[in-house]
Amino acid sequence: MQTDILVIGSGIAGLTYALKTATHFPEKKVMVITKTQADETNTKYAQGGIAGVWDEEKDSYTKHIDDTLIAGDGLCNEHIVEIVVKEGPERIKEIIGYGAEFDKDEKGEYSLGKEGGHSENRILHHKDVTGKEMERALLAQLKLVPNIELVNHCFVVDIITQHHLGYLVTKSTLDITCYGVYVLNLHTNQIEKILAKITLLATGGCGQAYRTTTNPQIATGDGIAMVYRAKGKIENMEFIQFHPTALYEPGVSPSFLITEAVRGDGGILRNKEGQAFMENYDPRKDLAPRDIVARAIDNEMKRSGTEQVYLDCTHMDKEKFIHHFPNIYEKCLRIGIDVMKQMIPVAPAAHYSCGGIKTDEWGRTSIQHLYACGECASTGLHGANRLASNSLLEAMVFGHRCFLDSIQQLDAIDFENRIPDWNATGTSEPSEMILITQSKKELQQIMSDYVGIVRTDVRLERAMKRLDLLFAETETLYRSTKLSPQLCELRNIISVGYLIVKGAQFRKESRGLHFNTDHKNRSELLQNVIL
Ligand code: FAD
Ligand code: SIN
């Protein structure tokens with residue numbers, strides 16, 4: 001197969017880019033591939049909304065920039081922050097143009113919510129299902145553009161580079177080039193190659209590296225692992241964001257999110273004794289940035305020996321609550337909690353990867369003809385901790401920037417026709433699929449136990465030793481077994497686990513989301529860890 005432009009991922013990042021390039025080049029072919037069905041993405045589960053300076057009388061770019069920089073704890077790239085904040089509102093207007101609806105107040109103005117770390121109300125939202133609405137609008141728009149082919153159930157195994165032509169490629173190779181990808185076509189169960197002039201990775205995050213996560217099954221860090229294997233640059237993987245308030249429901253995966261917007265509307269965190277504990281940790285109390293709130297909850301749980309704290313909404317107005325958070329209200333009722341009468345049990349869960357594939361201000365990776373945007377990319381916006389609701393915004397701004405840059409490159413690029421077919425000789429059907437499931441559980445256990453909210457040098461060392469063993473076992477399986485999505489995902493998530501631990505070991509300080517009790521004091525070490 002051949003396509004001018006190949007987009008891997010059908011979340012907000014991939015779809016934004018695909019729509020723009022296909023519309024700009026009606027005669028070129030744009031292919032979007034996704035490993036399950038098109039709307040099964042992190043995007044679909046986004047609740048709180050999208051941040052943007054909308055009301056310029058009360059809010060300003062400077063305030064949004066400052067809030068982002070404060071949350072990022074000294075590691076944001078200020079130039080990128082300015083780009084995203086200033087270009088964001090235009091991108092939001094575009095998705096409104098595609099038909100996405102955001103809630104309005106009685107005066108017909110957009111109703112702007114507030115979340116942790118924001119100094120003003122600036123979150124546009126659609127009830128508590130903002131991502132679902134945005135994904136719906138993007139997919140509906142996609143149907144109107146005839147030169148986009150959307151291929152579901154197609155699992156990308158690896159990106160193709162000179163390595164597949166038999167050349168030695170190392171981290172020092174300057175001109176590593178992407179020629180397309182090998183995919184496992186789940187309709188035929190065959191490995192096929194797709195050649196492309198330009199490839200965009202929009203493969204999302206890696207929450208599935210942890211036992212408790214808000215991320216759906218698809219979030220296994222595939223794009224990050226592929227770029228790492230191809231010797232491209234990855235950075236800042238130690239900054240895994242734990243959302244403070246996932247619904248505490250043991251055994252249920254992924255965890256259901258209780259959006260931060262609930263705290264923005266007045267929800268209060270309380271410990272086992274019923275005390276509103278956030279005032280003991282930060283003057284911004286329940287609306288402090290996420291790293292601070294998640295650590296405070298972790299501390300309260302450890303102190304009281306419980307596995308949850310509580311989010312108290314019993315004092316809130318019932319009608320307003322149901323109007324803004326109908327999905328949360330219904331979900332809690334289904335498990336026997338009337339949020340107007342009972343507090344909601346919550347606990348932190350792995351939520352967002354701030355690091356990822358290193359890109360420049362146009363979304364270019366360190367590999368030629370390969371772009372990355374959305375959660376799999378590390379643009380420099382989030383630094384050591386992402387400000388709430390900045391991620392949907394970043395995905396749209398960089399989807400647009402990747403588009404602007406790639407339309408200038410496309411005509412100068414040719415297909416590389418010498419790429420060999422995938423070689424599956426010497427592999428056989430797996431005799432025990434259960435080994436893959438067990439290894440994934442083991443990985444999640446290791447990451448949750450040793451590389452969670454609070455880290456130590458000894459824990460990181462333990463994690464690394466255990467990951468080494470899992471890696472060796474999985475590579476043996478990979479070389480001898482016919483590929484399955486489960487095996488590829490396991491292999492990817494082990495690589496991601498390795499990158500998180502490696503990044504955490506390099507960073508000899510506590511900063512933002514990376515908190516190591518052996519290196520409590522933040523040093524002046526202000527550089528990104530590139531792996
Ligand atoms: P995704 O939307 O995750 O899409 C990834 C795509 O890549 C999928 O189509 C998947 O199939 C495909 N893919 C992955 N690997 C492969 C492969 N190997 N082969 C083929 N296809 C592949 N952010 C905010 O700004 N505001 C919010 O309110 C908010 N709420 C959130 C709530 C929840 C519960 C979660 C989980 C996240 C939330 N976030 C929020 C974060 C935000 O939703 C994500 O960061 C963002 O949607 C990521 O978009 P994306 O396009 O990069 O990736
Ligand atoms: C939430 O709604 O609390 C999630 C927002 C985000 O992750 O940005």
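Remember, it's 1-based here, ligands and their atoms both numbered in the order they're listed.
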Using a distance-only test with no angle check, is there a side-chain donor-acceptor pair under 3.5 angstrom linking [X] and [Y]?
X	Y	value
Ser119	Asp67	yes
Thr379	Glu394	yes
His125	Asp103	yes

Practice task
For Arg386, counting its heavy atoms only, list the atoms of ligand 2 lying under 4.0 Å from any of them.
Solution key: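 Answer for ligand 2: 6 (C), 7 (O), 8 (O).
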
Handout entry: Residue Ala388 vicinity, atoms of ligand 2 by number, heavy atom under 4.0 Å
Key =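 In order of numbering, the contacting atoms are 8 (O).
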
Practice task
Could you pull out, from Glu260, His351, Glu375, the option with a heavy atom nearest to atom 38 (C) of ligand 1?
Solution key: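 Nearest heavy atom to atom 38 (C) of ligand 1 lies in His351.
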
Practice task
May I ask which of Gly9, Ala219, Ala202 has a heavy atom nearer to atom 5 (C) of ligand 1 than the others do?
Solution key: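 Considering heavy atoms of Gly9, Ala219, Ala202, the nearest to atom 5 (C) of ligand 1 sits in Ala202.
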
Consider every N or O of [X] and every N or O of ligand 1, then say whether any pair is closer than 3.5 Å.
X	value
Ile12	yes
Cys376	no
Thr36	no
Gly205	no
Gly49	yes

Quick test: of every protein heavy atom, which one is nearest to [atom], and how far off is it to 0.1 Å?
atom	result
atom 11 (O) of ligand 1	Thr34 OG1, 2.9 Å
atom 29 (C) of ligand 1	Ala46 CB, 3.4 Å
atom 8 (C) of ligand 1	Thr41 CG2, 3.7 Å
atom 1 (P) of ligand 1	Asn42 N, 3.6 Å
atom 41 (C) of ligand 1	Ser391 OG, 3.6 Å
atom 17 (C) of ligand 1	Asp222 OD2, 3.6 Å
atom 4 (C) of ligand 2	Arg290 NH2, 3.3 Å
atom 2 (O) of ligand 1	Thr43 OG1, 2.5 Å
atom 51 (O) of ligand 1	Ala13 N, 3.0 Å

Handout entry: Output field: ring centroids His164/Tyr179 closer than 6.0 Å
Key =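 Here the rings of Tyr179 and His164 have centres that are no less than 6.0 Å from each other.
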
Problem - Per-residue contact class, His125 against ligand 1 - non-hydrogen pairs under 4.0 Å - result: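 The answer is neither; His125 stays 4.0 Å or more away.
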
Practice task
May I ask you to identify, for Leu257, whether its side chain, its backbone, both or neither come under 4.0 Å of ligand 2 on a heavy-atom basis?
Solution key: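 It is the side chain that gets close, since no backbone atom is under 4.0 Å.
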
Exercise for the section: Kindly say whether Gly9 contributes a backbone atom to a donor-acceptor pair with the side chain of Thr34 at under 3.5 angstrom? Expected result: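 Side chain of Thr34 to backbone of Gly9: no pair is present.
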
Handout entry: Interfacing atoms of ligand 1 (cut-off 4.0 Å, heavy-atom, Asn215)
Key =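 Matching atoms, with element in brackets: 36 (C).
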
Exercise for the section: Determine, for Tyr182 and Lys193, whether the Lys NZ or Arg CZ falls below 6.0 Å from the six-membered ring centre while staying within 45 degrees of the axis. Expected result: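 No.
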
Exercise for the section: Kindly confirm or rule out an N or O of Glu260 lying under 3.5 angstrom from an N or O of ligand 2. Expected result: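 Yes: some nitrogen or oxygen of Glu260 is under 3.5 Å from one in ligand 2.
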
